[in-house]
Protein chains: 2
Amino acid sequence: MEQPLQPKDYQKVPEPTLRRLPWYLSNVKLLKQRGEHFVSSTQISKEINIDASQIAKDLSYVNISGRTRVGYEVDTLIDVLESFLGFTNIHKAFLFGVGSLGGALLQDSGLKHFGLEIVAAFDIDPALVGTTLNGIPIYHSDEFVDKMNEYDVQIGVLTVPIEIAQSVTDMMVAGGLNAVWNFTPFRIRVPEHIVVQNTSLYAHLAVMFNRLNFNKIK
Amino acid sequence: MEQPLQPKDYQKVPEPTLRRLPWYLSNVKLLKQRGEHFVSSTQISKEINIDASQIAKDLSYVNISGRTRVGYEVDTLIDVLESFLGFTNIHKAFLFGVGSLGGALLQDSGLKHFGLEIVAAFDIDPALVGTTLNGIPIYHSDEFVDKMNEYDVQIGVLTVPIEIAQSVTDMMVAGGLNAVWNFTPFRIRVPEHIVVQNTSLYAHLAVMFNRLNFNKIK
């Protein structure tokens with residue numbers, strides 16, 4: 001938290017690069033487990049079948065330099081990537097909608113290892129309000145603005161039914177949240193300065209089903 | 001299940017189209033709730049801020065034709081989209097790795113509404129093997145090949161630690177699964193005929209964190 005900000009960390013890195021960097025990170029972690037001390041982009045390339053020049057280009061966004069013939073130091077590369085990707089700082093979040101998926105996410109403690117801590121959830125179901133799930137308190141949605149003063153939160157996780165996806169988003173934005181992690185299949189509208197990340201499990205299922213059927217009749 | 005296959009359903013639809021179609025579906029469902037009987041691509045376009053011509057093009061992959069000035073019939077469009085996207089047929093799946101995320105997915109009954117039913121899970125932890133979670137039995141990984149004969153399963157959901165992501169994938173493929181829904185941040189390698197869909201929650205977090213920081217210093 002107290003490290004000086006590296007300006008380079010905050011350029012607008014292309015989304016495809018940001019999505020590939022975690023692949024390199026997990027791969028380098030594996031190489032470390034195998035006892036490697038140095039790794040080159042050529043080595044990563046062989047393991048994960050991405051062009052070495054693409055890997056070198058992606059890594060150029062990160063503040064690390066490799067040494068000719070030797071490559072990147074494994075420990076340093078892991079530290080720098082984890083920090084660059086934001087996994088080493090805890091970002092607090094509220095979750096909206098403790099249904100099946102919302103409840104599941106509250107129980108996934110793994111998110112915390114990647115920098116996301118859901119500190120409270122909101123719902124309107126009287127059977128849920130006032131209870132906790134995996135130690136996380138569930139409040140009534142009406143308490144959201146109060147809780148914004150109590151917790152230091154920037155991110156909202158959206159797992160409500162599609163009928164209220166937009167109105168809950170509007171409420172989140174009005175309350176001062178800066179990012180929405182949207183798990184609904186609904187395309188929400190937000191002001192330009194709000195960060196949205198769409199993770200629709202159902203869209204991924206649609207792609208998978210289509211490809212399976214395509215292979216079957218090919 | 002007994003409907004004749006429409007050849008058009010099984011062309012290789014572009015992935016961006018497949019990812020946008022669920023947006024249209026959820027939007028049309030909302031319009032239906034509001035009492036609309038017909039919907040045009042212009043109307044959907046206004047709601048979700050995607051070009052009307054793009055929407056019409058995406059919908060041209062689906063077996064439905066709109067009427068000039070009136071548009072698509074809402075009920076028909078919902079049925080045809082749900083069926084086209086594979087949400088109305090149940091696709092059975094095995095899940096590998098009942099850790100934090102795997103356990104969470106077993107508890108997300110919502111997947112079934114979109115055509116995916118996880119019928120069994122595999123792990124090696126003696127504390128888990130032989131138990132059930134949300135009614136789903138957890139078997140020892142050694143039993144996988146036996147269970148392939150018992151269940152009619154094509155899809156494997158991968159939620160194991162990265163160290164064994166590749167070896168478990170190899171086992172899944174050797175056992176006859178045709179698709180891998182990969183939730184690990186590891187880039188798995190598979191033979192060409194195997195369908196892979198990567199859903200890395202951590203990669204999405206990385207994008208969100210980076211955009212948040214970028215907005216902060218902008």
Side-chain angles (χ1 to χ4, degrees), chain A residues 5 9-10 12-13 15 18-19 21-23 25-27 29-30 33 48-49 85-87 91 99-101 103-105 107-111 114-116 154-155 162-163 178-179 181 184-187 189 193 195 197 199-215 217, chain B residues 5 9-10 12-13 15 18-19 21-23 25-27 29-30 33 48-49 85-87 91 99-101 103-105 107-111 114-116 154-155 162-163 178-179 181 184-187 189 193 195 197 199-215 217:
Chain A
L5 294 183
D9 284 358
Y10 298 107
K12 192 151 190 177
V13 183
E15 186 154 335
L18 283 169
R19 288 180 187 253
L21 289 174
W23 283 339
L25 173 61
S26 63
N27 196 262
K29 279 183 179 170
L30 262 194
Q33 285 184 15
I48 65 178
N49 208 14
L85 291 170
F87 295 161
H91 303 74
S100 181
L101 178 61
L105 286 174
Q107 287 174 66
D108 178 12
S109 322
L111 293 173
F114 290 87
L116 190 86
Q154 286 207 66
I155 298 171
I162 54 166
E163 305 89 79
N178 296 316
W181 194 4
T184 78
F186 192 78
R187 190 169 155 89
R189 291 176 304 263
H193 66 285
V195 175
Q197 189 61 210
T199 302
S200 174
L201 300 183
Y202 316 118
H204 291 202
L205 278 177
V207 177
M208 191 164 59
F209 295 158
N210 181 274
R211 297 297 183 251
L212 265 174
N213 283 326
F214 179 78
N215 283 352
I217 55 132
Chain B
L5 294 183
D9 284 358
Y10 298 108
K12 191 149 190 178
V13 184
E15 186 154 336
L18 283 169
R19 288 180 186 251
L21 289 174
W23 283 339
L25 173 61
S26 63
N27 196 262
K29 278 182 179 171
L30 262 194
Q33 285 183 15
I48 64 178
N49 209 13
L85 292 170
F87 295 161
H91 303 74
S100 182
L101 177 61
L105 287 173
Q107 288 175 66
D108 177 13
S109 320
L111 293 172
F114 290 87
L116 190 86
Q154 285 206 68
I155 298 170
I162 55 166
E163 304 89 78
N178 296 316
W181 194 4
T184 78
F186 192 77
R187 190 168 155 92
R189 290 175 305 260
H193 66 284
V195 175
Q197 190 61 210
T199 302
S200 173
L201 301 183
Y202 316 119
H204 291 201
L205 279 177
V207 177
M208 191 163 61
F209 295 157
N210 181 275
R211 297 299 183 249
L212 266 173
N213 282 328
F214 180 78
N215 283 351
I217 57 131

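The sequence lines fix the lettering, A, B, ..., with proteins before strands; numbering per chain opens at 1.
Among A:Gly115, A:Gly103, A:Gly99, the residue making the largest number of heavy-atom pairs under 4.5 Å with chain B is A:Gly115. The residue among B:Asn27, B:Leu21, B:Asn49, B:Leu201 with the most heavy atom pairs within less than 4.5 Å of chain A is B:Leu201. Per-residue counts of heavy-atom pairs under 4.5 Å with chain A were compared for B:Ala206, B:Gly86, B:Ala203; the largest is that of B:Ala206.
Side-chain contact between A:Leu212 and B:Ile155 is present, with heavy atoms from C-beta onward closer than 4.5 Å. Annotation: side chain of A:Leu25 is not in contact with side chain of B:Tyr202 (no heavy-atom distance under 4.5 Å).
Between A:Gly110 and B:Ser100, the shortest heavy-atom contact is N-OG, 3.4 Å. Between B:Ile162 and A:Ser26, the shortest heavy-atom distance links the atoms CD1-O, 3.4 Å.
Residues forming a ring pair (Phe, Tyr, Trp, His ring centres under 6.0 Å) with B:His91 (at least two apart in sequence, or on another chain): A:Phe209. In this structure A:Glu163 satisfies the salt bridge (charged side-chain N to carboxylate O under 4.0 Å, His left out) test with no other residue, sequence neighbours excluded.
In this structure, the portion of B:Arg189 lying under 4.5 Å from any heavy atom of chain A is its side chain and not its backbone. Heavy atoms of B:Gln33 lying under 4.5 Å from chain A belong exclusively to its side chain. With a threshold of 4.5 angstrom between heavy atoms, B:Ser109 approaches chain A through its backbone and through its side chain. Using a 4.5 Å cut-off between heavy atoms, A:Ser200 makes no contact with chain B at all.
B:Leu116 CG to A:Met208 CE: the interatomic distance, rounded to the nearest 0.5 Å, is 5.5 Å. Between atom CG of residue B:Asn178 and atom CZ of residue A:Arg211 there is a gap of 15.0 Å, rounded to the nearest 0.5 Å. The distance from atom CG of A:Asn210 to atom CG of B:Leu85, rounded to the nearest 0.5 Å, is 8.5 Å.
A distance-only check finds a donor-acceptor pair linking the side chain of B:Arg187 to the backbone of A:Ile48 [under 3.5 Å]. Checked by atom type and distance alone, the side chain of B:Asn215 pairs as donor or acceptor with a backbone atom of A:His193 at under 3.5 Å.
Relative ring orientation between B:His204 and A:His204 is described as perpendicular, the plane-to-plane angle rising above 60° on a 0-90° scale split at 30° and 60°.
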